[in-house]
Undergrad: 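Questions regarding the structure given below will be posed in turn.
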Amino acid sequence: MTEEKLNTSGLEIPKELENVIQLTTLDRIYNWSRRNSVWPMMFGLACCAIEMICTAASRYDLSRFGMEVMRPSPRQADVIIVSGTVTKKMVPQIVRLYNQMAEPKYVISMGACANGGGPFKEGYSVVPGIDKFLPVDVYIPGCPPTPQALLNGLITLQKKIDGESISKVRWYQKNVEEGIPIPVLGPDLMDPRQYDDISRFGRIQSPEIVDDDHIKNEELDENDTGVAS
Amino acid sequence: MNDPVDSFMNFDLISRYPGLVKKDQRTGYSGYIVEADCLVQFARAVRDELGFDYLSMITAADYYPDDLMDVIYLLYRTTGGPGILFKVQVSRLDSKVPSLSSIFAGAELQEREVWDMYGISFEDHPDLRRILLWDGFEGHPLRKDWKEPLFEEDSKPYKDRWPAGKHKRQEDLNPFKNNVSYPIGFEPEHFSSNNEKALYDALNKTSGNLNGSLKTDQIIVNLGPQHPSTHGVFRMAALLEGETIIDLKPVMGYLHRSHEKIGERNTFLQNMPYTDRLDYISSMSNNFGYALAVEKLMAVTPPERAEYIRVIMAELTRISSHIMTTGFLLNELGAMFTPSLYALEERELILDIFEEVSGSRMMCNYFRFGGVVRDISDSVIEKIRKLVFNRLPRKIDELDRYLTHNEIVRLRTEGVGVLTADEAAAYSAGGPLLRASGVPYDVRKAEPYSIYDRFKFDVAVRYHGDIYDRYLVRLDEMRQSIRIIQQAIHDIPSGPVMTGKSQYQPKVPAGEAYGRVEGPKGELGFYIVSDGKQNPRRYHVRAPSFINLTALSEMSKGEKVADVIAILGSIDIILGEVDR
């Protein structure tokens, strides 16, 4: 990595004070310190977790980026690396963990399964992509992504952090965000945000109305544009 | 499949149970068909009088649209030799089978899996709950008439992709734009979820007071599914008194990715990369098991060079898996990450070889039916030679020197999590877990596959059945694997690596086959039923990690919470294989 210059003010600092004084913006110093101490949560799901471990080990050495401190507790973590297939049985726990993380928090979706279901997308017990529930910051392709790819994803996250402004970030805004509603395991996975849709389609497909194809199709079409989340 | 009992003795099972037991006459099938009424007596006779004391596999197969499901049992002797296969046929509408868990303790989790996937209920089962899915899930997914939400067609390749080439995304057709579906008339507002209740009820059934007169409270503690030492998303619900485990239930399914359902839609060859993702740190040996099973059906054998390459790759996999397990076991004992770093360093060198021969570090997808996908170059052989003649033996000795006589390691592991030889066989434990308990059962010797009968190696065995012995067995096995690779590197001939032409759509004749290998975790088997079409009718994985967990509860009882973590580490589970 190249030597980073914190001094962005453009003002000239006397030569003898160069190692002592830096003039910079608040955003720059705030982001600089955050991006170099991103602590991931110690949380592995599937095959990608093994590559995550390899990335933390000596050959690829995550600690070059200040990220070697894997925290088992979500309260102390800055980034959750969703490393593997997200199943319906697991997703309530993942959402709960995400809600428990302190702001600022980031989500990295690692590997094909977390991005969009990957090879297991068609499976009955698989959530096709963690972005159905969590706001993903960086997607890393691969099955599994190599350690180099994961490092590239983490550097991309650092770039994203660099671009943030302290006055605009969501966690300093007045309106406090509610956590993401935790999905419920019913006859199938239920997203509380979709309860209206679920009971609506439940009614449509109930035996009395199901013969009337016209109504059914109309309702379906309306949903195509309106309710997609 | 060879009939194991034909070649055996004049012990006539059929005339012993007249009208209740008959031979399986379907083409390509073998074994016996047993009436449900006499299943328990039959199994007991097979165990006690014929000596088949190791219940290897229980699974089922659905023959929809016929009103017929097979429940399949496969037993072996721990002294070696071929196994005995028998089936119970049940109706799809009213499917009940007596449970074998009173005879074979190892049946417990496997019967729960069959109940979960097929809805076949096992009478007198001690704890029949869903295992991979959650209580309240709608339907039994491996039944052939059960359709998943993103169902498209019964078999691949789907017509809209080939030959039509106009792909429609299936989730765009789903009203929720997601991989979900709900029963007709379902009202989520009135739904109240209590899918954990059955688990806690089952735990609370056990109540014992350890302290005699002193009255204490018992609490239930959940370890996992997000826990740093559960190797992924495994969960244990433990009933504690103080810090002592009174009862423990493994809870799994957090990584259940519909492997078998997808496998039954895939063509035979398409399943090969999926097997990589079962036990994702030993993909080569998963490939091996699946290739053997399908090769049995196709009746092809790979050429000599391919056999050698296969053995070399499978043994390298074993070393990389065991060395990683050893490192992580130390993690579990509290030596956070430093020993793992030593282990991972060696594993990287083996992964380099895998990457060079197959193109991928972890998901190798290297084996094909009748060979391997491409030849290995001389430079790779040279690399392997350097590794197995020089570096790896030194590194294993180094691990040995640092750990084996380490006082803390010995105090924490000796006499903890003991499984006796009888228990280990009864619980269907496999691999290092079984061999550390004093049962020298190794598929490579018990029923040699591929060319393992040509190599000189010993079956590693230890006799105390505790965590320490499991660690020692793994060390011994790595040394034996190095011995095998050294011989294979010396003898490897030149020549083709594939029998016949490589093809996308191999013709697989109808019938059933079971192929098994000694994977790093234990006996890894693939049970495949083909009906002559391009995709298997039944594709079942006998997952050693999953079946080894049956004994977890027994090993943990009476131990402390901290020891359970170490016991789990010594079983060496990989969640991709446990949950499939």
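To find a chain, count down the sequence lines: A is the first, B the second, and so on, and within it residues start at 1.
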Undergrad: Within a 6.0 Å radius of atom NZ on K147(B), are there more than 12 heavy atoms belonging to other residues, nucleotides or ligands?
TA: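 Buried by this count: over 12 neighbours within 6.0 Å.
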
Undergrad: Looking at I53(A), T146(A), V127(A), which makes the most heavy-atom pairs under 4.5 Å with chain B?
TA: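 Looking at each option in turn, the highest pair count goes to I53(A).
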
Undergrad: Quick check on F337(B) against chain A: is it the side chain, the backbone, both or neither that has a heavy atom closer than 4.5 Å?
TA: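 The answer is the side chain of F337(B).
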
Undergrad: Testing R265(B), R257(B), K156(B) for salt bridge (Lys or Arg N to Asp or Glu O under 4.0 Å) with E122(A), which one passes?
TA: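 Considering R265(B), R257(B), K156(B), a salt bridge (Lys or Arg N to Asp or Glu O under 4.0 Å) with E122(A) is found only for K156(B).
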
Undergrad: Does any backbone or side-chain atom of A46(A) lie under 4.5 Å from a heavy atom of chain B? Answer side chain, backbone, both or neither.
TA: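 Both parts, backbone and side chain.
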
Undergrad: Is F137(B) close to chain A through its backbone or its side chain, or both, or neither, when contacts mean heavy atoms under 4.5 Å?
TA: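 Both the backbone and the side chain of F137(B) come within 4.5 Å of chain A.
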
Undergrad: Under a 4.5 Å heavy-atom cut-off, does chain A meet the side chain of L341(B), its backbone, both or neither?
TA: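 Both parts, backbone and side chain.
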
Undergrad: Do you know which two heavy atoms are closest between S125(A) and H256(B), and how far apart they sit?
TA: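 Closest pair (atom of S125(A), atom of H256(B), distance): OG-O, 2.6 Å.
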
Undergrad: What heavy-atom pair brings G44(A) and V233(B) nearest, and what distance separates the two atoms?
TA: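 Looking at all heavy atoms of both residues, the shortest contact is O-CG1, 3.7 Å.
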
Undergrad: Measuring from atom CG of L189(A) to atom CZ of F176(B), what distance do you get when rounded to the nearest 0.5 angstrom?
TA: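 The distance works out to 11.5 Å.
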
Undergrad: Show the nearest heavy-atom pair for residues V184(A) and F191(B), with the distance to one decimal.
TA: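 So the two residues come closest at CG1-CE2, 4.1 Å.
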
Undergrad: Can you tell me which portion of M336(B) sits under 4.5 Å from chain A's heavy atoms? Options are side chain, backbone, both or neither.
TA: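 Only the side chain of M336(B) comes within 4.5 Å of chain A.
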
Undergrad: Non-hydrogen atoms of chain A under 4.5 Å away: do they reach the side chain of S181(B), the backbone, both or neither?
TA: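 When you check distances to chain A, atoms from both the backbone and side chain of S181(B) fall under 4.5 Å.
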
Undergrad: Check each atom of L97(A) against the heavy atoms of chain B and say whether the ones under 4.5 Å are side chain, backbone, both or neither.
TA: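 Contact with chain B involves the side chain of L97(A) alone.
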
Undergrad: Tell me, for I281(B) versus chain A, whether the close heavy atoms (under 4.5 Å) come from the side chain, the backbone, both or neither.
TA: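 Just its side chain gets close to chain A.
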
Undergrad: Taking salt bridge (charged side-chain N to carboxylate O under 4.0 Å, His left out) as the definition, give me every residue that meets it alongside R59(A), ordered by chain and number, with sequence neighbours left out.
TA: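 Scan of R59(A) (salt bridge (charged side-chain N to carboxylate O under 4.0 Å, His left out), adjacent residues dropped) gives E348(B), D352(B).
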
Undergrad: Between D135(B), L344(B), I262(B), L150(B), which has the largest tally of heavy atom pairs under 4.5 Å with chain A?
TA: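 Highest number of heavy-atom pairs under 4.5 Å: I262(B).
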
Undergrad: Between G139(B), P141(B), S258(B), who has the most heavy-atom pairs with chain A when the cutoff is under 4.5 Å?
TA: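 Ranked by heavy-atom pairs under 4.5 Å with chain A, first place is S258(B).
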
Undergrad: Measure the CG-CG distance between N178(B) and D197(A) for me, rounded to the nearest 0.5 Å.
TA: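 Here the rounded value is 11.5 Å.
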
Undergrad: Parallel, tilted or perpendicular: which describes the rings of Y124(A) and W146(B), with under 30° parallel and over 60° perpendicular?
TA: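 Taking W146(B) first and then Y124(A), their aromatic rings stand perpendicular (interplane angle over 60°).
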
Undergrad: Would you check if F186(B) and M190(A) make a side-chain contact, meaning some heavy-atom pair closer than 4.5 Å?
TA: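 Yes - at least one pair of side-chain heavy atoms lies under 4.5 Å apart.
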
Undergrad: Find the one option among E345(B), R277(B), R347(B) whose heavy-atom pairs under 4.5 Å with chain A are most numerous.
TA: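 Heavy-atom pair counts peak at R277(B).
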
Undergrad: List the steps and the verdict of side-chain contact (heavy atoms from CB on, under 4.5 Å) for I50(A) and M324(B).
TA: CA-CA 11 Å; I50(A) 306 292; M324(B) 198 163 164; 3.8 Å; yes

Undergrad: Working to the nearest 0.5 Å, report the span between CH2 of W134(B) and CG of L185(A).
TA: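 Separation between the atoms: 5.0 Å.
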
Undergrad: Does a side-chain N-to-carboxylate-O contact under 4.0 Å join E171(B) and K132(A)?
TA: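 A salt bridge is absent here (no side-chain N lies under 4.0 Å from a carboxylate O).
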
Undergrad: Let's test your reading of the structure: which of P144(A), S83(A), A49(A) forms the most heavy-atom pairs below 4.5 Å with chain B?
TA: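 So the answer, after comparing P144(A), S83(A), A49(A), is P144(A).
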
Undergrad: Could you check whether any side-chain N or O of S199(A) sits under 3.5 Å from a backbone N or O of E187(B), counting only pairs where one atom can act as donor and the other as acceptor?
TA: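 It does not hold such a pair.
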
Undergrad: So which part of V126(A) gets closer than 4.5 Å to some heavy atom of chain B, the side chain, the backbone, both or neither?
TA: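 Both parts, backbone and side chain.
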
Undergrad: Is L132(B) in contact with chain A via its backbone, its side chain, both, or neither, using a 4.5 Å heavy-atom distance?
TA: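 When you check distances to chain A, only backbone atoms of L132(B) fall under 4.5 Å.
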
Undergrad: Considering only heavy atoms and a distance below 4.5 Å, find which of T87(A), I94(A), L45(A) pairs most often with chain B.
TA: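 Of the options given, most contacts go to T87(A).
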
Undergrad: For Q173(A), look at atom CD and say whether over 12 heavy atoms of other residues, nucleotides or ligands are found less than 6.0 Å away.
TA: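 Yes - once you tally the heavy atoms of other residues, nucleotides and ligands closer than 6.0 Å, there are more than 12.
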
Undergrad: With only heavy atoms counted, which part of E355(B) is less than 4.5 Å from chain A, the side chain, the backbone, both or neither?
TA: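 For E355(B), neither part sits under 4.5 Å from chain A.
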
Undergrad: Below 4.5 Å from any heavy atom of chain B, which atoms of M41(A) appear? Answer side chain, backbone, both or neither.
TA: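 Contact with chain B involves the side chain of M41(A) alone.
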
Undergrad: Could you tell me which non-hydrogen atom of C47(A) sits nearest to which non-hydrogen atom of M362(B), and how far apart they are?
TA: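 That would be O-CE, 3.5 Å.
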
Undergrad: For F328(B), is it the side chain, the backbone, both, or neither that has a heavy atom closer than 4.5 Å to a heavy atom of chain A?
TA: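 Looking at F328(B), just its side chain touches chain A.
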
Undergrad: Considering non-hydrogen atoms only, spot the tightest contact between L133(B) and K89(A) and give its length.
TA: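 Of all heavy-atom pairs spanning L133(B) and K89(A), the closest is O-NZ, 3.6 Å.
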
Undergrad: Can you list every ring pair (Phe, Tyr, Trp, His ring centres under 6.0 Å) pair that touches residues 86-123 of chain A, not counting sequence neighbours?
TA: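 Counting only pairs at least two positions apart or across chains, the ring pair (Phe, Tyr, Trp, His ring centres under 6.0 Å) contacts touching residues 86-123 of chain A are F120(A)-Y274(B).
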
Undergrad: Taking side chain as C-beta onward, heavy atoms only, is Q194(A) less than 4.5 Å from P188(B)?
TA: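 Result no, sub-4.5 Å side-chain heavy-atom pair not found.
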
Undergrad: Test your reading of the model: is there a side-chain donor-acceptor pair from K88(A) to the backbone of N179(B), 3.5 Å cut-off?
TA: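 Answer holds: yes.
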
Undergrad: Sort R361(B) into side chain, backbone, both or neither according to what part of it lies under 4.5 angstrom from a heavy atom of chain A.
TA: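 Answer is side chain: those atoms of R361(B) sit under 4.5 Å from chain A.
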
Undergrad: Chain B: which of G186(A), P128(A), C113(A), P74(A) shares the most heavy-atom pairs with it under 4.5 Å?
TA: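 Sorted descending by pairs with chain B, the first entry is G186(A).
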
Undergrad: With a 4.5 angstrom heavy-atom cut-off, which part of Y280(B) approaches chain A: side chain, backbone, both or neither?
TA: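 For Y280(B), the side chain is the part near chain A, not the backbone.
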
